[in-house]
Amino acid sequence: MKRKLIAAIGVAVMVAGVAACGSDDKGSDKAAAPKEITVWLAVDAQKNWPELVKQADDAFTAAHKGVKIHHEYYEWTAKNQKLDAVLATKKVPDVVEMGNTETLGYLVKGAFAPIDKSKFENSGDWLDALEGSVTYNGKTYGVPYYAGARVGTWRKDVAKAAGVTKAPATWAELTDALDKIQKKNGDKFSAWYQPSRDWYTALAFVKDAGGDVAKEDGGKWTASLSDPKSIEGLKTWKGVLDKYFHGDKNKDESDRYIVYGQGKSALIYGASWEGGAAADPKTDKTGTLKDNLETFALPGPNGDLLPNFIGGSDLVIPAKSAAQDLAADWINAFTDSAAQKVLISKGNLPNAKSLLAPLKDDPATAASARANENTWFVPTAPGWLQVEKKQILQNMLNDIAVGKASIEDATKSADEQINAVINAG
């Protein structure tokens with residue numbers, strides 16, 4: 001999937017159009033039944049799978065004669081500012097596409113309507129991380145639309161030159177291969193280019209070890225990075241950086257694909273589009289990456305795949321919508337199994353685990369499909385966005401990576417900072 005899921009790094013995004021539909025007096029018994037709905041989608045749907053939009057529209061209008069559908073499309077970098085403005089009025093869209101990491105902030109504010117999960121196809125089998133992104137205080141507030149994945153991408157030529165002939169399936173195989181690659185190429189080369197401030201990867205190691213960034217008990221969240229299991233995961237993560245990453249340890253992952261294209265590293269772990277972006281002739285300084293990259297689901301230290309924080313999109317219904325039932329019916333038509341087949345054919349991953357199975361047999365999708373068998377999401381706590389805004393995790397990881405603080409001291413400080421904001425709505 002080529003689109004960057006910039007929502008995964010917590011960057012606020014905004015809208016390209018303001019649409020309205022429905023009646024302003026939804027609560028009135030005399031209000032007429034809505035005769036139209038308005039759907040806001042990212043331009044990906046308009047450009048890449050317009051046939052799916054038509055398919056959903058046709059199914060919807062067949063069931064709701066005379067109801068019109070208005071579509072508004074937006075760029076990811078132009079949505080939330082206008083959405084915020086529209087949500088402050090009585091005239092709102094009825095369906096809105098949200099990046100999965102954007103949704104939580106709106107759920108805390110009560111901006112979206114709860115839905116009956118049982119009315120949506122495959123809802124009993126949604127990917128864990130996507131379901132987590134639409135769940136708050138035990139209620140469901142949206143429907144997963146489609147997913148991306150984080151995968152390992154490495155250079156076959158570098159691996160082969162070091163005597164490694166196949167992608168690793170276990171942690172032992174991975175570290176053995178990286179040891180050989182690092183020894184072959186010297187300490188100015190990164191066998192694994194892994195920026196320290198990439199908290200999605202660091203927390204994957206925490207999750208793999210059985211730890212977590214925070215835990216909920218009785219409605220209250222408490223930071224848990226300094227718990228023994230979390231520290232165990234961070235020690236493994238720190239070992240990777242110390243042994244295989246020989247770049248700038250103050251960097252984040254935003255330009256990882258560009259650095260990878262410079263040819264000074266063998267492996268990256270990131271969004272599935274990053275390898276392709278590195279191999280683009282405008283980025284590839286080696287001139288060899290296009291036909292020389294291999295992706296695989298990254299194994300974890302504890303005998304399974306490394307838990308995968310996935311990007312993706314959700315479809316939600318604003319709480320002020322006067323056509324919530326109609327909106328739900330359109331969403332169901334746009335996300336059912338037939339719709340997921342269209343999305344898969346366009347290079348996306350489906351919203352349900354059962355739909356991943358056929359993709360594991362296709363070399364083009366096998367790595368991403370396998371990676372999304374084991375997924376995770378951030379704590380759905382009212383103050384989580386403050387944790388991201390303050391960059392508590394990034395700063396903690398940076399301090400650990402450069403030796404400014406021990407893992408024990410850095411996690412204790414991070415827990416104190418997280419606890420100060422995580423329960424504040």
Side-chain angles (χ1 to χ4, degrees), residues 1-2 148-195 198 201 204-205 208 236-237 239-249 251 253 255-306 308 347 359-374:
M1 183 169 62
K2 297 290 290 183
R150 282 175 166 75
V151 296
T153 300
W154 78 356
R155 291 176 53 183
K156 292 184 290 184
D157 60 338
V158 173
K160 185 177 180 180
V164 181
T165 58
K166 65 176 183 177
T170 67
W171 183 253
E173 289 180 1
L174 175 62
T175 53
D176 180 65
L178 292 173
D179 287 343
K180 292 175 180 176
I181 290 169
Q182 193 64 67
K183 182 178 180 180
K184 176 74 174 179
N185 291 276
D187 60 10
K188 292 185 178 180
F189 185 89
S190 293
W192 181 347
Y193 180 80
Q194 180 51 55
D198 172 15
T201 297
F205 280 95
D208 183 74
T236 304
W237 165 83
V240 167
L241 268 65
D242 288 347
K243 202 169 186 180
Y244 307 122
F245 177 40
H246 298 284
D248 182 354
K249 287 187 169 60
K251 287 183 66 64
E253 72 277 18
D255 66 346
R256 174 167 46 208
Y257 73 98
I258 296 174
V259 176
Y260 192 54
Q262 294 171 356
K264 295 182 180 179
S265 57
L267 169 71
I268 55 172
Y269 174 66
S272 56
W273 59 263
E274 291 187 48
D280 186 294
K282 291 178 287 188
T283 309
D284 180 13
K285 304 304 180 184
T286 72
T288 64
L289 296 184
K290 183 178 179 181
D291 300 314
N292 194 35
L293 297 181
E294 182 176 13
T295 61
F296 54 95
L298 202 76
N302 287 290
D304 201 349
L305 299 177
L306 194 67
N308 189 9
L359 305 184
K360 297 174 192 173
D361 297 326
D362 183 346
T365 55
S368 295
R370 287 199 65 228
N372 274 4
E373 291 178 331
N374 184 14

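Nothing fancy with the numbering, it's 1 onward along the sequence. Nothing here was measured: the structure is a model prediction, and the numbers come from that model.
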Nearest atoms (heavy-atom pairs only) where Lys251 meets Pro195: O-CB, 3.5 Å
Ring centers of Tyr269, Trp237 separated by less than 6.0 Å: no
Separation of Leu178 CG from Ser190 OG (nearest 0.5 Å): 11.0 Å
Heavy-atom side-chain proximity of Gln194 to Glu253 below 4.5 angstrom: no
Considering all heavy atoms, the nearest Ser265-Arg155 contact: O-CD, 3.6 Å
Flag side-chain contact, heavy atom, 4.5 Å: Phe296 against Leu298: yes
Atom pair OG1 (Thr170) and CG (Asp304), whose distance is rounded to the nearest 0.5 Å: 12.0 Å
Validation row: Trp171, Asp208 side chains within 4.5 angstrom (heavy atoms): no
Leu267 side chain near Ile181 side chain, heavy-atom distance below 4.5 Å: no
Non-neighbouring partners of Lys360 that pass side-chain hydrogen bond (donor to acceptor under 3.5 Å, both in side chains), sequence neighbours left out: Glu373
Heavy-atom side-chain proximity of His246 to Gln182 below 4.5 angstrom: yes
Shortest non-hydrogen contact between Leu359 and Ala369, atoms and distance: CB-CB, 3.7 Å
Side-chain touch Phe189/Val158, heavy atoms, less than 4.5 angstrom: yes
Interatomic distance, Thr153 atom OG1 to Tyr193 atom OH [nearest 0.5 angstrom]: 14.5 Å
Pairwise side-chain contact, Asp179 with Lys243, heavy-atom cut-off 4.5 Å (strictly under): yes
Exceeds 12 heavy-atom contacts within 6.0 angstrom, atom NZ of Lys156: yes
